[in-house]
Structures are given as C-alpha cells and as structure tokens.
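To start, the structure under review is shown below, and the notes come after it.
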Amino acid sequence: MGTELLKNAAVGTLVAATLAGGVIALLPRDPEPPRPAPGPAARAVAAAAAGAPATAAELTALIGERERWLRSRPEDEESWAVLGTAYAQRAAAFADWAALPRAESALRRSLKALPAAEGNTEALLGLSALAHARQDHMSARAFAEQALKQRPRRWTVHRALLDAYRGIGDYKSVGTTLEKLTALYSGPQSRALAARIYRERGWREDAAATAYDAAAAAEGPMERAAALVLLGDLAWDRGEPAEAAGSCDAALKLVPGHPGALAARARALAALDRTDEAFRDYRAAQRGRALPEYALEEAELYESLGANEEAEAAYERVLASAAEAAAGGVNQELLLGRYEADHGDPQEAVRRLTEEWERGRHSMAAADALGWALLRAGRAKEALPYARRAMKESPRDPLFSYHRGEIERALGRYGAARRNIGQALRVNPHFSPLLAPRARAAMAALGDPPTGGPGRTAGTVIREGRSGTAGSGSMGVRQGAGSG
C-alpha cells in the first residue's frame, strides 16, 4: 500500500487534518495537480501520503505553492481542497486562527467547482477537518458521514469520523470505527491514533505498547517526534516525570520548537522542581501564538508558587488567546467553562458548560468539567452523575478522580472521597501543581478509614471531612466553593 500511495503523492489531494496528531492525508485523483518542486512543499506532500504530520514550514510552502497554481487555474477543485485543508491543519497544529476563515473560503471554492453531491470527497473531508479544528464536532461528524457514503473504504474517512466521535463523546462508535480503520490501514499513523484512544480510556499497557510500535515504525522526523511526545504523555500519566521529560527531549532534537513537546516537557520539569526551565518551555511553546491551554497551565504553575502577579498576567493571556481563537470561529466554551469554574464565576461556568452539553458535547472531558463547575457553584448533588460519567469512560484519569472525590467529600461520602482522591495521587502524584497539594490536604483531612468496617463512621473523620474545602484549579485557585 505504502509504495503505491507514495507513487500517487504527486497527484494526490490533501484531505484531512486532526488536532491530536496534526495529520494530513492525500487522495489520488486525475487530472494531475501540480507536482511540488523538491523542498518543503514536496516534503509536506510526501508526509501526507503516509498520513504523517507536517511542519509549519512545510505547510506554509505547500500553501504558497497551491495559491500560485490557483491564480491561473481557479476551477481546480482538488487544489482548492488541498489549500483549504492545509490552512485548517496550520490553524489546528500551530494556533494560527486567522487561517481558519481562509480554510473555509478555499473549501467552499472547491465545492463550487465540484459540489459534494457530485463526489467531492476531498472537500467534505477538508470541511470535517476544519470543523474539528473549530471544535464543532457535530458538524465534523456530518461532513465525515457524507464522505463515508462516497468512499467507505478510505481510511482517512474513518479517521475523520473518529475525531468527531471522540469530540462528541460517542465512545461506542469510537471503538467500532477504530476497528474499521485499522482493518483498512495498519501503518504507524493508525497505531498512533489507537494509542491515543487507549490512553484516553485508561488502558495504559495497551497504549504504551501501541505507541512504541508507532514510534518504531515512524519514518520522517515530525512523525517520530509526535510518537515520542505521545510516549512522554504516557510516562507522565504513570507519574514518571523524568521519563516524560526525556521522551520530549528526544522529540525536540528531531523537531526543535515542537509546541506539544515543549509544553509536555514544561509540565514534567515543573513536577521535578525545575520551575525556571518549565517556564522557559511554556514561553517557547507559546512563542508567536499562545494556545489557551498552555497559557492556563503556565498561569496555574505561577499560582502554585505564590507568584500572584505573574499568574494574573498569565491568566490574562488565557483570556486573550481564547478570544483570538473564538474570533477565528473556534469553540472555546469548554476551556472558558473550566476557567470560570476555578478562576472566575462558577455560575457562569455552569451556564457555558450546560449549554455545551445540551448541544450534544458529551465527551468525558465535558462531563468532568460540568460536574466540577456544578460543585464549585454549590450544587454537589447535581455534579455527581457527571463525575461518574467521566470516570466511567476514563477510570484512571487523576484529574477526574480528584474532582469526583471532592464532590463526594462535599456530599459527606467520605469513604468514596478517600478512595477517589487517593487514586488520583496513586496514579500520578504530580498530576497538577495546584491540585496535587490540595489532594494531599484532603486526604489528611479525611483521615484513615474508620475502624469497624464500612458500616461505621468515625466521628472525628466526619468533623474533619466537613471542615475541608473542595480544591480548585483545572485547575483551580478558589477554595471552598461548593463544599460542605
């Protein structure tokens, strides 16, 4: 398969981009589109032929090459699809939100030249990638399902569906679609995608084995770097920050300035008390264009150290970068809901996150965020079903465990609270610079399990438990809201 696909790369079409791995893929089509000259654009095409990520320089070169081509050939729907998807990829991978309207314009031009009903699968997949980059997962699913009707055996179609199902929280469909995708394509990119899904579900051993396979099979430097970052993330999940930092070091040797590797290494360095280096990496990861998520991590690290002035400036960057993303059409409600729950108005967090839930965003992250916001707003009883749902889908996520434990502590369910907060610390004692210390404080307040079995409760534990406060942070700063 790989030989034939590479042969067709020069006449392929760029059709799919994802946030998770920054992947773009090519589809063969006639008549022949331009053959890129040797250099970054050609490398972008070759990487895409294997479903691998491309660097910012390669995407920029490919965009420039297609724009020049289209000036004299404006009816080439295939090249419009290539251009639009490359813009979507650049926005998703490198926070270039101004590229999103350009992506939509190019993809609409492709559909004008060849409507979707007449078989423009490439534009449909480009629109799915664009919707995914904007975190509009319902639209991403609709476009991918249209493409599926046209090309049911194309693996990139199933990849687009997977991204949409993950964003929506349809995990049954995630499982069946992953099986179909891997049956059609067993290359390193399908293994990397499977490893990410296994990681989300808490299947750590399967995730690690599959990620190692993906790293071993990776070919280009960007592809191998992405696999190494994934291995670093898995080491972080196991509570092994030194190993996580080492994996990110290796990725950065291959691709200096890789934003994901820099942010992941910063997280690990902070856990190793190498905070000056952590801040250096956070700044480098946001150089040029700040991702709101990275800015939030940086702000919370400052907050955990008592550097309030620096933290406040970083929180302002969170809001500024979220506003910039929203101006490009990116749905920032989940991030802003988390921010409001911990650092702003919990009632506003509940409003934002409830609206997202009612729009159909039922992912494990959305369930956790809504449950936590409800607790912070003083509605612990309503919060618990959402926390349970998040942990049902990802039972080993320490943030989810901690949030659920604090909800249970607020409800007086001290045994369950002790179990879940303790699990968060066992899985990764460094899971958050703000929350890990608060989790330890909560465990101390809860005390040891009461003697005499589960049917009896020690009075001292009850008093200590009721005097404790729910931690915050995402994430969090405000203490005490929603507890009691």
Side-chain angles (χ1 to χ4, degrees), residues 13-26 33-34 36 40-41 43-45 47-48 52-71 74 76-112 122-137 139-140 143 156 160 163-164 167 222 226 255 257-260 263 285-295 317 320-332 335:
T13 299
L14 185 62
V15 297
T18 67
L19 285 166
V23 174
I24 50 180
L26 295 178
R43 290 196 297 272
V45 171
T55 66
E58 290 165 352
L59 287 169
T60 298
L62 182 57
I63 286 168
E65 182 271 330
R66 289 300 161 116
E67 286 180 334
R68 288 189 295 273
W69 172 267
L70 284 162
R71 288 189 193 107
D76 182 356
E77 80 283 352
E78 180 184 12
S79 286
W80 282 117
V82 170
L83 179 62
T85 308
Y87 268 129
Q89 157 66 6
R90 191 165 77 178
F94 303 103
D96 183 3
W97 308 125
L100 290 171
R102 297 172 188 168
E104 183 167 9
S105 177
L107 291 164
R108 295 297 178 189
R109 286 290 299 269
S110 179
L111 288 173
K112 183 178 179 181
E122 292 86 347
L124 286 171
L125 287 176
L127 287 167
S128 182
L130 173 61
H132 184 68
R134 286 174 161 165
Q135 298 189 44
D136 179 4
H137 305 295
S139 295
F143 288 125
T156 51
D163 289 333
M222 190 71 175
V255 183
H258 189 295
Q286 299 173 74
R287 189 166 291 135
R289 298 180 179 90
L291 276 172
E293 294 84 352
Y294 297 165
R317 288 197 294 276
S321 56
E324 183 182 356
V330 182
N331 182 339
Q332 292 288 285
L335 179 132

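For clarity, every value in this text was computed on a predicted model and none was experimentally measured.
Atom CG of Asn331 and atom NE2 of His137 lie 7.5 Å apart (nearest 0.5 Å). In this structure, Arg102 CZ and Leu107 CG are separated by 14.0 Å, a value rounded to the nearest 0.5 Å. For the atom pair NZ (Lys112) and CD (Glu77), the distance works out to 14.0 Å, reported to the nearest 0.5 Å. Note: Phe94 CZ to Thr55 OG1 = 6.5 Å, rounded to the nearest 0.5 Å.
Scanning all heavy atoms of the two residues, the minimum distance from Arg66 to Val82 falls at NH1-CG2, 3.1 Å. A pairwise comparison of heavy atoms in Ala92 and Ala133 identifies CB-CB, 3.9 Å as the closest pair. Between Leu291 and Gln286 the shortest heavy-atom distance is O-OE1, 4.3 Å. Between Phe143 and Leu124 the shortest heavy-atom distance is CB-O, 3.6 Å. Closest of all the heavy-atom pairs between Gln332 and Pro292 is OE1-CG, 3.3 Å. The two residues His132 and Ala140 make their nearest non-hydrogen contact at N-CB, 3.9 Å.
Here Arg109 does not pair with Glu104 in a salt bridge; the nearest charged N to carboxylate O distance is not below 4.0 Å.
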Can Leu83 and Glu67 be said to form a side-chain contact (heavy atoms from CB on, under 4.5 Å), step by step? CA-CA 7 Å; Leu83 179 62; Glu67 286 180 334; 3.7 Å; yes

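Side-chain atoms of Ser321 come within 3.5 Å of backbone atoms of Arg317 as a donor-acceptor pair (strictly under, hydrogens ignored). Side-chain atoms of Ser105 do not come within 3.5 Å of backbone N or O of Pro101 as any donor-acceptor pair. The backbone N or O of Pro74 lies less than 3.5 Å from a partner atom in the side chain of Trp80, making a donor-acceptor pair.
Applying the salt bridge (charged side-chain N to carboxylate O under 4.0 Å, His left out) test to pairs two or more places apart or on separate chains, those with a residue in residues 80-94 are Arg90-Asp96.
Put simply, the side chain of Leu125 does not reach to within 4.5 Å of the side chain of Thr85, judged on heavy atoms. Looking at His258 and Met222, their side chains come closer than 4.5 Å, going by heavy atoms from C-beta outward. Side chains of Leu127 and Leu111 form a contact here, defined as non-hydrogen atoms less than 4.5 Å apart. Considering only heavy atoms from C-beta on, Tyr87 comes within 4.5 Å of Ile63 through its side chain.
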